[in-house]
Amino acid sequence: MNINLTLIAQLVSFAVFVWFTMKFVWPPLVKAMDERKAKIADGLAAAERGQHEQQLAEERAKQYLHEAKQQAAEIKAKAEKQAAMLIEEAKDKAFDEGNRQLAAAQAEIEQEVNRAREELRAKVAELALAGAEKILRKEIDADAHKDIVEAVANQI
Amino acid sequence: MAGTEITSAEYIKHHLTNLTFGNHPVHGWSFAHTAEDAKEMGFWAIHVDTMFWSIGLAVLFSFYFYKAARKASAGVPSGLQNFVEMIVDFVNESVRDSFSGKNNLAAPLALTIFCWVFLMNLMDLVPVDLIPRITGALGVHYMKVVPSTDPNVTFAMAFGVFLLIIFYSIKIKGVGGFVGELTGMPFQTDNMLLKPFTTVINLVLEGVNLIAKPISLSLRLFGNMYAGEMIFILISLMYSADWAMGIFGGTLQLVWAIFHILVITLQAFIFMTLTIVYLDMAHAEYH
């Protein structure tokens, strides 16, 4: 409990140890810690940057995908439209062709019918005339019954 | 206990006496054999046990911290470095919180104070009879193992801090600024007749303020550790009674030791923080 020389000795040793800490202990430790802190901060920043970049890339990929999808849809729509148009055109053509052929056939038929009819008429007239000739040769004079024969021939 | 026939008072007194080496008026330079001897040696005596334990602990601290500092790198820290860095970081944080000036001494000073005071206080947790018994068997009869229960230690530290306060006060503010701070506040006057009057009052007030810093710093630590040590000694007295008291004492010692862990750390922390605060005040232009 006495205050004595110990006080001074302690004061000196205190000063020595503080000096030692200040000179050899504190600076390297704090330097290392600061360096590590900087390193960690850099690492974290890099990680964040990477994450950000990845996010950007993802977004870009999404955009590309979206665009591609849109383009594909456009192409598909165009193709469908074209196909529909082609079909429509073909249909029209076929319809026209059919009509044309039908008309031609009908015309031909009509022609044929007309011809047949003419032929038939001529033949019947001939036949009737021949028949009538035969009958008339037997019974009547051609001049006397001429108007009747003519009327029959016209009716056919 | 040291002997079979000694009384409780002697036991306590024995525990509170340092191993003193000094110039005795009768025996010359020698170890003091009794507390009275030590007292008669006056100022020119040294507490060998205090010096041994405090310097030993400081060397221990310096050794491990130096070892860590030498190998310190920015890579992944290993066990010792991790531990040391944790303490350094804690001290650094405390200094940054309460020290606004720029000073390369403040943080290492705080670290040294914190670790040294902590280690010295930690010796309090060593059972009070253990080391004195061992040294007693080796022929050294007085052995106080807790350096911070020696007022020499706490006063030396506080005095060191006090010198730094004065040094930085003068360095930052100049002699005039420092004297002005001591005499110009808290009472200020422009009246030349009143000036000497206020100067004297201010000097007394600020002087007390200044002197109170190291005294409170050292007495707080000393008082806390001395009281703690005393309680350990009183508890250990119970072991000499019957077995029931012994068990009771053992429980008490455990409880007190656990509580004392808090006191030890707290006192080291307070000493460090107040040192920083005082130095910060020394750096501040006007407070």
Side-chain angles (χ1 to χ4, degrees), chain A residues 1-70, chain B residues 16-18 20-22 35 38-39 41-48 50-51 54-55 58-59 61-62 65-66 68-77 81 84-85 88-89 91-92 104-105 107-109 111-113 115-116 147 149-157 159-161 163-164 226:
Chain A
M1 285 290 291
N2 310 314
I3 295 290
N4 54 28
L5 202 57
T6 316
L7 181 79
I8 292 164
Q10 281 291 328
L11 192 57
V12 171
S13 46
F14 179 53
V16 169
F17 285 119
V18 169
W19 171 81
F20 181 82
T21 309
M22 193 171 106
K23 200 87 186 166
F24 299 109
V25 173
W26 188 266
L29 278 173
V30 169
K31 193 173 147 249
M33 284 163 76
D34 283 349
E35 265 169 30
R36 182 168 330 112
K37 228 179 256 172
K39 231 163 119 179
I40 290 172
D42 282 353
L44 283 177
E48 205 160 312
R49 218 168 28 237
Q51 221 164 18
H52 186 67
E53 250 155 49
Q54 196 204 347
Q55 216 167 20
L56 278 183
E58 249 168 47
E59 224 147 271
R60 226 174 311 148
K62 223 187 258 175
Q63 209 177 336
Y64 280 149
L65 197 69
H66 184 71
E67 263 169 34
K69 264 186 189 164
Q70 219 165 11
Chain B
L16 295 179
T17 306
N18 285 102
T20 315
F21 182 82
K39 200 155 255 164
M41 285 175 182
F43 184 77
W44 295 106
I46 194 156
H47 293 161
V48 178
T50 299
M51 293 307 294
S54 61
I55 290 179
V59 166
F61 150 73
S62 301
F65 273 61
Y66 180 61
R70 222 181 26 189
K71 282 195 288 184
S73 69
V76 179
Q81 201 193 335
V84 165
E85 280 184 9
V88 167
D89 206 34
V91 172
N92 208 1
N104 288 335
L105 175 69
L109 175 74
L111 177 70
T112 313
I113 286 177
C115 292
W116 202 13
T149 57
D150 187 339
N152 286 306
V153 172
T154 62
F155 272 104
M157 275 185 147
F159 191 59
V161 172
L163 288 180
L164 285 174
Y226 190 77

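Note that these values count all heavy atoms, side chains included, but never hydrogens, waters or copies made by symmetry. Here is how names work: the chains are called A, B, and so on, in the same order as the sequence lines, proteins then strands, and each is numbered from 1. This one's a predicted model, so the numbers in the text were calculated from it and none came from an experiment.
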Given S54(B), S62(B), G160(B), the one with more heavy-atom pairs under 4.5 angstrom with chain A than any other is S62(B)
Pick from L163(B), V59(B), I46(B) with the largest number of heavy-atom pairs that fall under 4.5 Å of chain A: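 Answer, by heavy-atom pair count under 4.5 Å with chain A: I46(B).
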In terms of heavy-atom pairs under 4.5 Å, which option from E35(A), K31(A), M33(A), K39(A) contacts chain B the most? M33(A)
Kindly determine whether F17(A) and C115(B) satisfy side chain to side chain contact (heavy atoms under 4.5 Å, CB included), including the steps that lead there. CA-CA 11 Å; F17(A) 285 119; C115(B) 292; over 6 Å; no
Please test T21(A) against F61(B) for side chain to side chain contact (heavy atoms under 4.5 Å, CB included), starting from the C-alpha separation and ending with a verdict. CA-CA 10 Å; T21(A) 309; F61(B) 150 73; 3.8 Å; yes
To check you understand the geometry: which heavy-atom pair defines the closest contact between [X] and [Y], and what is its length?
{"X": "P28(A)", "Y": "A69(B)", "value": "CB-O, 3.4 Å"}
{"X": "V30(A)", "Y": "N92(B)", "value": "CG2-ND2, 4.4 Å"}
{"X": "E85(B)", "Y": "R36(A)", "value": "OE1-NH1, 2.7 Å"}

Bottom line for N104(B): the part with an atom under 4.5 Å from chain A's heavy atoms is backbone
V48(B) versus chain A, heavy atoms under 4.5 Å apart: side chain, backbone, both or neither? neither
For chain B, find its close neighbours in residues 5-12 of chain A: heavy-atom separation under 4.5 Å, sorted by number, or none. L5(A), T6(A), L7(A), I8(A), A9(A), Q10(A), L11(A)
Are there residues of residues 62-70 of chain A that reach to under 4.5 Å of chain B by heavy atoms, and which ones?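 Listed by number: none.
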Which atoms of F20(A) are under 4.5 Å from chain B, going by heavy atoms: the side chain, the backbone, both sets, or neither?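 The side chain, not the backbone.
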Using side chain to side chain contact (heavy atoms under 4.5 Å, CB included), reason through L105(B) and M22(A) one step at a time and then give a plain yes or no. CA-CA 7 Å; L105(B) 175 69; M22(A) 193 171 106; 3.0 Å; yes
Taking the ring of F14(A) and the ring of F159(B), is the distance between their centroids below 6.0 Å?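 Between F14(A) and F159(B), which both carry aromatic rings, the centre distance is not below 6.0 Å.
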